[in-house]
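In what follows, a single structure is set out as structure tokens and then discussed.
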Amino acid sequence: MTDAIKITPGVFPLARLSKSNTGHKFSHGHALVLSGGVGQGGAARLAARGALRIGAGVVTLGCPSAALLENAMALDAVMTRKVPDAAALCAMLADPRITALCLGPGLGLSDQKRDLIKSALASDRATVLDADALTLLSQNSDLFDLLHARCVLTPHAGEFARLFPDIAARLSADATTGPAYSKVDATRDAAAKAGCTVLFKGPDTVIAQPDGTACINHSADTPWLATAGSGDVLAGFITGLLARGFAPLEAAQTGAWLHTEAARSFGPGLIAEDLPEELPKVFRELGL
């Protein structure tokens, strides 16, 4: 199946990153990012900022009531809403203008958070699941069974091993006969098992969808991406693209490529907060 691997940026729908001259904010989607409690909102704020910078027309950060003031003080263009539980999330999702969700960065691991994920998945919205959401998926088979084709999972190696222990074990085993089982093979098998797009992070990020189509994003020349919060921004980039109507594989591969390009553009000294702010420069260089 090697003919299905795409490794060039030419497959990315970059022209669609431009905005229509006649559109309005809701024309470009509304992304909802869910946050954890007091003192746990930084990761979700990074994701929300990433979603906004990549072009979602509206971004809302939903959080428990006690954390609302903390998040509101740190955000301006990103709106804040009280989303204390699954019932509040369901009420918010009655608004059809919300087109994509991001769950996981700083979310927490309580039963209440598990119920939030369950309600989000039941809504059938385009959804990015990262960080704590991946841990909860690995611990709750009923949540894993709710995954659908509009989801994107973004695990690093440790999260991948928790989500797909049998696949990870095969990947880490010594190859005694050929051909060796590769990261591409593992990501394809994970996508097929989950029934959705999987982005397996690393300097050789592999993205696959259930039909076996895969792409590779090379970022080994940007070691400064190994910084706290970088993955949260990537989750936000993908969420923003989903909100704008990109298909899951398109959103994942375009988000990953722009994430790397922003890091290359900024250079050494990068911290996660720099990544969204570098996007306008990258967009200008692309002629968008």
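The structure displayed is predicted, hence computed values, not measured ones. Throughout, numbering of the chain's residues begins at 1 and tracks the sequence.
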Going through the checks in order, is the side-chain contact (heavy atoms from CB on, under 4.5 Å) test met by L109 and K113? CA-CA 6 Å; L109 300 172; K113 305 305 182 183; over 6 Å; no
Worked verdict on D221 versus R264 for side-chain contact (heavy atoms from CB on, under 4.5 Å): CA-CA 8 Å; D221 61 338; R264 288 192 180 114; 2.9 Å; yes
Verify side chain to side chain donor-acceptor pair (under 3.5 Å) between Q209 and T197, making sure each step is shown before the conclusion. CA-CA 4 Å; Q209 63 184 18; T197 297; 4.6 Å; no
Decide side chain to side chain donor-acceptor pair (under 3.5 Å) for T135 and D132; before the verdict, give the C-alpha distance in whole Å, the side-chain angles of both, and the deciding distance to 0.1 Å. CA-CA 5 Å; T135 298; D132 289 342; 5.0 Å; no
Test salt bridge (charged side-chain N to carboxylate O under 4.0 Å, His left out) applied to K193 and D166, step by step: CA-CA 11 Å; K193 185 172 184 177; D166 52 338; 3.4 Å; yes
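Between the CG atom in L146 and the OG1 atom in T127 there is a gap of 11.0 Å [rounded to 0.5 Å]. The CD1 atom of I54 sits 10.5 Å away from atom CG of L275, with the distance rounded to the nearest 0.5 Å. Here the SG-CG distance, from C102 to L34, works out to 8.0 Å after rounding to the nearest 0.5 Å. Once rounded to the nearest 0.5 Å, the distance linking CG of D145 with NZ of K118 reads 11.0 Å. The distance from the CZ atom of F237 to the CG atom of L258 is 7.0 Å, given to the nearest 0.5 Å. Taken from CG in D130 to CG in L153, the straight-line distance is 9.5 Å, to the nearest 0.5 Å.
Distance alone, capped at 3.5 Å, places no donor-acceptor pair between the R53 side chain and the G236 backbone. Distance alone, capped at 3.5 Å, is enough to place a donor-acceptor pair between the R150 side chain and the D124 backbone. Remark: the backbone N or O of H156 is paired with a side-chain donor or acceptor of E159 at under 3.5 angstrom. Between the side chain of S119 and the main chain of L116, no donor-acceptor pair closer than 3.5 Å is present. N71 contributes no side-chain N or O that, together with a main-chain N or O of L68, makes up a donor-acceptor pair within less than 3.5 Å. Using a distance-only test at 3.5 Å, with no hydrogens or angles considered, no donor-acceptor pair links the side chain of S230 to the main chain of T227. Remark: side-chain polar atoms of T222 are not paired, donor with acceptor, to backbone N or O of W224 under 3.5 angstrom. Not a single donor-acceptor pair under 3.5 Å links the side chain of Q139 to the backbone N or O of L136. Formation of a donor-acceptor pair under 3.5 Å by the Q112 side chain with backbone atoms of P84 is found in this model. The backbone N or O of L279 lies less than 3.5 Å from no partner atom in the side chain of R284, so there is not a single donor-acceptor pair.
By the 4.0 Å N-to-carboxylate-O rule, E273 lies too far from R49 to be salt-bridged with it. Looking at D111 and R114, a side-chain N of the basic residue comes within less than 4.0 Å of a carboxylate O on the acidic one, giving a salt bridge. A salt bridge links R45 and E70; the closest N-O separation between the charged side-chain nitrogens and carboxylate oxygens is under 4.0 Å.
Cluster annotation: L171 and I216 are assigned to distinct hydrophobic clusters (Ile/Leu/Val/Met/Phe/Trp/Tyr, side-chain heavy-atom contacts under 4.5 Å, transitive). Hydrophobic clustering of Ile, Leu, Val, Met, Phe, Trp and Tyr side chains at less than 4.5 Å, counting indirect connections, keeps F246 apart from L199. Hydrophobic clustering, with ILVMFWY side chains joined whenever heavy atoms are under 4.5 angstrom apart, groups V83 together with L129. Connection of V206 to V152 is not established within any shared hydrophobic cluster, with ILVMFWY side chains joined at heavy-atom distances below 4.5 Å, either directly or through further cluster members. Note: the hydrophobic cluster containing L241 does not contain I98 (ILVMFWY, side chain heavy atoms under 4.5 Å, direct or indirect links).
Under the side-chain hydrogen bond (donor to acceptor under 3.5 Å, both in side chains) criterion, T60 pairs with H30, not counting sequence neighbours.
A heavy-atom distance below 4.5 Å is not found between the side chains of D189 and F164. Within the 4.5 Å cutoff, the side chain of V58 has heavy atoms near those of the M79 side chain. Side-chain contact check for P155 versus V198: some heavy-atom pair is nearer than 4.5 Å. Using a 4.5 Å heavy-atom threshold, the side chains of I238 and P248 count as separate. Inter-residue side-chain proximity for V128 and T154 is flagged as met; some heavy-atom pair is nearer than 4.5 Å. Counting only heavy atoms from C-beta outward, the side chains of L52 and P276 never approach each other to under 4.5 Å. Residues L75 and L61 form a side-chain contact, since some pair of their non-hydrogen atoms from C-beta on lies under 4.5 Å apart. Taking the side chain as every heavy atom from C-beta outward, D115 and I117 never approach each other to under 4.5 Å.
The two atoms that bring D185 and A180 nearest to each other are OD2-O, 3.7 Å, heavy atoms only. The two residues A100 and A243 make their nearest non-hydrogen contact at CB-N, 3.5 Å. The minimum heavy-atom distance between P64 and G37, with the atom names listed, is CG-CA, 4.0 Å. For the pair C63 and S35, the tightest heavy-atom approach, listed with the atom from each and the gap, is CB-CB, 4.0 Å. Shortest non-hydrogen contact noted between L147 and A194 is CB-O, 3.6 Å. In plain terms, the two heavy atoms of N217 and W257 that are nearest each other are OD1-CA, 3.4 Å.
In this structure, R81 places its CZ atom where only 12 or fewer heavy-atom neighbours from other residues, nucleotides or ligands lie under 6.0 Å away. Under a cut-off of 6.0 angstrom, the local environment of NZ in K183 is crowded, with over 12 non-hydrogen atoms contributed by other residues, nucleotides or ligands.
A parallel orientation is assigned to the rings of F160 and F200, their planes being inclined by less than 30° (bins at 30° and 60°).
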